[in-house]
Amino acid sequence: METQLLPADGNSLSLASSLLRSGCLVAFPTETVYGLGADATNEQAVLSIFRAKGRPADNPLIVHIHSRSQLRDICTVPDQAVPLMDAFWPGPLTILFNKLPSIPDAVTAGLPTVAVRMPSHPVAASLLRECGLPVAAPSANSSGRPSPTRAEDVLEDMNGKIPLILDGGPCDVGVESTVLDLGHGAPVILRPGGVTRKMLESVLGQEVSLAGSILRPLKPDEKALSPGMRYKHYAPRASVTLVDGEESAVLARLQELYRQETAQGRKTCVLCFSEHVEQLQSCSPHDIGSSAHPEEVAHRLFSSLRGLDREGMEVVFSEVLPPEEMGLAVMNRLGRAAAFRIIHA
Ligand code: TXA
Ligand code: MG
């Protein structure tokens with residue numbers, strides 16, 4: 001199959017919309033990452049998402065909508081969700097609801113709940129409006145690779161597998177949406193993202209907890225609240241190790257680790273904050289943004305990880321952020337990319 005990469009405009013949006021309506025896959029930009037969309041009511045179309053990504057069938061998808069009126073056919077909506085939708089939709093918040101029969105089991109991997117979000121990106125919103133369908137869309141990467149934040153990243157993984165990629169430029173947030181389970185009155189963040197715990201708590205007026213496995217691997221006997229957490233994720237081919245501790249100790253340790261690895265002949269680099277690029281000049285520093293601006297680090301993270309593969313890096317050491325607010329979303333992805341290997345300097 002030939003994959004077309006087209007700038008998102010009126011013509012390509014009409015083409016994308018008719019492809020979706022005929023059961024084909026289309027990759028499109030959202031404010032978080034690029035999504036790989038299919039008609040959420042068409043089971044065959046949904047199954048082809050799993051094939052294109054090499055995604056395990058037991059990892060459910062997020063359904064994207066442009067209008068709350070679409071919820072009627074998808075799920076039941078508890079009162080508690082209303083102020084959240086008022087505050088954060090359209091935007092990077094995904095909420096779990098009890099699903100209705102119009103959503104095939106393939107979308108939810110057989111779970112009774114369906115994850116729904118309303119993206120704010122103008123291209124995503126126009127596409128959803130024009131096709132009039134609820135669109136199931138995971139991130140448009142091959143399963144296990146860093147999520148795509150640019151149309152070229154999607155092409156890298158999906159070339160020959162899907163008919164169309166809409167190019168809307170780089171994604172703003174850069175990490176995937178926050179996934180929230182309202183539970184039975186005790187809300188839990190299953191995946192941290194652009195809508196932070198504090199933002200949710202200020203709207204709900206109650207404490208929001210974090211799923212245990214956000215900053216660590218699942219234990220062998222632990223049930224995954226969100227099936228996606230079971231899998232290796234966001235990983236470049238290089239072996240990534242995080243280094244945390246007091247600033248000067250971290251910088252010294254990064255230099256030492258870099259020297260050791262390069263002495264062994266391994267292609268090595270350091271992911272560091274903008275503030276430290278100069279001090280780490282001898283360690284092939286890759287600037288992941290300012291530690292004072294975790295949103296900037298989130299915005300750059302996945303393209304930095306993909307860049308490591310293009311450069312053929314074998315060993316990577318990275319600085320860490322405090323795991324709070326956007327820093328939590330960053331550390332959840334970076335932790336997984338590093339398979340939670342961490343050195344305390
Ligand atoms: O920002 C985003 O959310 C992007 C863009 C394209 O919208 N989409 C995205 O989808 O990240 P995906 O499939 O890569 O991640 C969906 C996550 C997975 O971790 C999955 O396990 C979880 O949401 N999920 C989906 N439905 C669920 C459900 N019913 N219960 C628990 N977790 C669910
Ligand atoms: Mg994904």
Side-chain angles (χ1 to χ4, degrees), residues 29-34 91-92 120-121 139 141 145-153 168-178 191-199 214-215 233-236 238 240-255 257-258 268-311 313 315-338 340-343 345:
T30 82
E31 70 280 19
T32 57
V33 300
Y34 275 73
S120 63
H121 194 292
S139 48
N141 51 298
R145 297 212 67 215
S147 293
T149 53
R150 305 170 316 153
E152 307 87 272
D153 299 340
C171 301
D172 191 23
V173 181
V175 293
E176 306 88 341
S177 61
T178 304
R191 180 178 71 183
V195 173
T196 65
R197 183 187 198 172
K198 275 200 192 121
M199 292 161 77
I214 283 177
L215 292 174
H233 247 122
Y234 314 118
V240 180
T241 303
L242 311 181
V243 181
D244 85 350
E246 188 266 316
E247 184 173 355
S248 58
V250 167
L251 294 179
R253 194 63 183 270
L254 287 169
Q255 285 163 325
L257 289 163
Y258 179 85
T268 305
C269 75
V270 162
L271 300 181
C272 69
F273 299 123
S274 314
E275 294 84 345
H276 298 150
V277 169
E278 233 175 85
Q279 281 149 285
L280 294 169
Q281 211 43 260
S282 61
C283 304
S284 179
H286 287 47
D287 183 350
I288 53 171
S290 165
S291 60
H293 300 289
E295 322 73 53
E296 191 185 2
V297 181
H299 175 76
R300 291 192 194 179
L301 183 67
F302 286 137
S303 62
S304 301
L305 292 176
R306 280 182 175 263
L308 301 173
D309 283 345
R310 282 190 289 269
E311 293 174 62
M313 285 299 161
V315 179
V316 177
F317 297 103
S318 177
E319 292 200 72
V320 303
L321 281 174
E324 289 143 23
E325 298 298 284
M326 273 311 271
L328 179 67
V330 168
M331 291 315 300
N332 170 255
R333 277 59 170 194
L334 207 46
R336 270 153 217 282
F340 297 101
R341 269 186 304 272
I342 187 153
I343 292 175

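What you see below is based on every heavy atom in this structure, not just the backbone, and it leaves out hydrogens, waters and symmetry mates. Heads up: numbering here begins at 1 and tracks the sequence.
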T178 side chain reached by M199 side chain, heavy atoms, under 4.5 Å: no
Partner set under side-chain contact (heavy atoms from CB on, under 4.5 Å) for E295, not counting sequence neighbours: H293, M326
Pairwise side-chain contact, L271 with L305, heavy-atom cut-off 4.5 Å (strictly under): yes
Would you say the side chain of T32 lies within less than 4.5 Å of the side chain of C171, judging by non-hydrogen atoms? no
Closest heavy-atom pair, V315 versus A238, reported as atoms and distance to 0.1 Å, is N-CB, 4.2 Å
Which heavy-atom pair separates C283 from Q255 by the least distance, and what is that distance? SG-CG, 3.6 Å
Check whether any side-chain N or O of R333 sits under 3.5 Å from a backbone N or O of F302 as a donor-acceptor pair, and report yes or no. no
Keeping the roles fixed (side chain from H299, backbone from D172), state whether a donor-acceptor pair exists under 3.5 Å. yes
Set of side-chain contact (heavy atoms from CB on, under 4.5 Å) partners for D244, sequence neighbours left out: V320, I342, H344
What residue pairs, at least two apart or across chains, pass salt bridge (Lys or Arg N to Asp or Glu O under 4.0 Å) with a residue in residues 315-329? none
Side chain to side chain contact (heavy atoms under 4.5 Å, CB included) between L334 and S318, worked out: CA-CA 9 Å; L334 207 46; S318 177; 3.6 Å; yes
Interatomic distance, CZ@F340 vs CG@L242, rounded to 0.5 Å, equals 9.0 Å
Partners of F317 by ring-ring contact (aromatic ring centres under 6.0 Å, His included), sequence neighbours excluded? none
With sequence neighbours excluded, residues passing side-chain contact (heavy atoms from CB on, under 4.5 Å) with A345: V243, A249, V250, R253
Nearest 0.5 Å, please: how far is CG in L280 from SG in C269? 11.0 Å
For the residue pair N141 and P148, establish whether any side-chain heavy-atom pair is separated by less than 4.5 Å. yes
Using the test salt bridge (Lys or Arg N to Asp or Glu O under 4.0 Å), find all partners of R150 that sit at least two apart in sequence or belong to another chain. E152, D153
Closest approach of P192 to A329 (non-hydrogen atoms, all atoms of both residues): O-CB, 3.7 Å
Within the 4.5 Å heavy-atom criterion, are I343 and L257 side-chain neighbours or not? yes
Using every non-hydrogen atom in the two residues, find where V240 and R341 come nearest and quote the distance to one decimal. O-NH2, 2.9 Å
So, N332 side chain and I214 main chain: donor-acceptor pair closer than 3.5 Å or not? yes
Strictly distance-based, threshold 3.5 Å: is any side-chain N or O of T149 a donor or acceptor partner for the main-chain N or O of G174? no
Where do S304 and H286 land on the side chain to side chain contact (heavy atoms under 4.5 Å, CB included) test, with the steps shown first? CA-CA 8 Å; S304 301; H286 287 47; 6.0 Å; no
Residues which pass side-chain hydrogen bond (donor to acceptor under 3.5 Å, both in side chains) with S284, listed by chain and number, not counting sequence neighbours: none
Walk me through it: do F273 and I288 pass the test side chain to side chain contact (heavy atoms under 4.5 Å, CB included)? CA-CA 6 Å; F273 299 123; I288 53 171; 4.0 Å; yes
Could you check whether E176 and S139, counting side-chain N and O atoms only, form a donor-acceptor pair closer than 3.5 Å? no
For P294 and G327, which heavy atoms make the closest approach, and how far apart are they? CB-N, 3.8 Å
With E296, which residues qualify under salt bridge (Lys or Arg N to Asp or Glu O under 4.0 Å), at least two apart? R300
Set of residues satisfying side-chain hydrogen bond (donor to acceptor under 3.5 Å, both in side chains) with respect to S290, sequence neighbours excluded: E275
Can you list the steps and then say if L321 with S291 is a side chain to side chain contact (heavy atoms under 4.5 Å, CB included)? CA-CA 7 Å; L321 281 174; S291 60; 4.1 Å; yes
Might you point out which heavy atoms bring G91 and E31 nearest each other, and give the distance in Å? C-OE2, 3.2 Å
side-chain hydrogen bond (donor to acceptor under 3.5 Å, both in side chains) against E247, all qualifying residues, sequence neighbours excluded: H276
Are any non-hydrogen side-chain atoms of R197 and L328 less than 4.5 angstrom apart? no
Please indicate whether E278 has more than 12 foreign heavy atoms, meaning atoms of other residues, nucleotides or ligands, lying under 6.0 Å from its CD. no
Residues in side-chain hydrogen bond (donor to acceptor under 3.5 Å, both in side chains) contact with S177, at least two apart in sequence or another chain: T94, R191
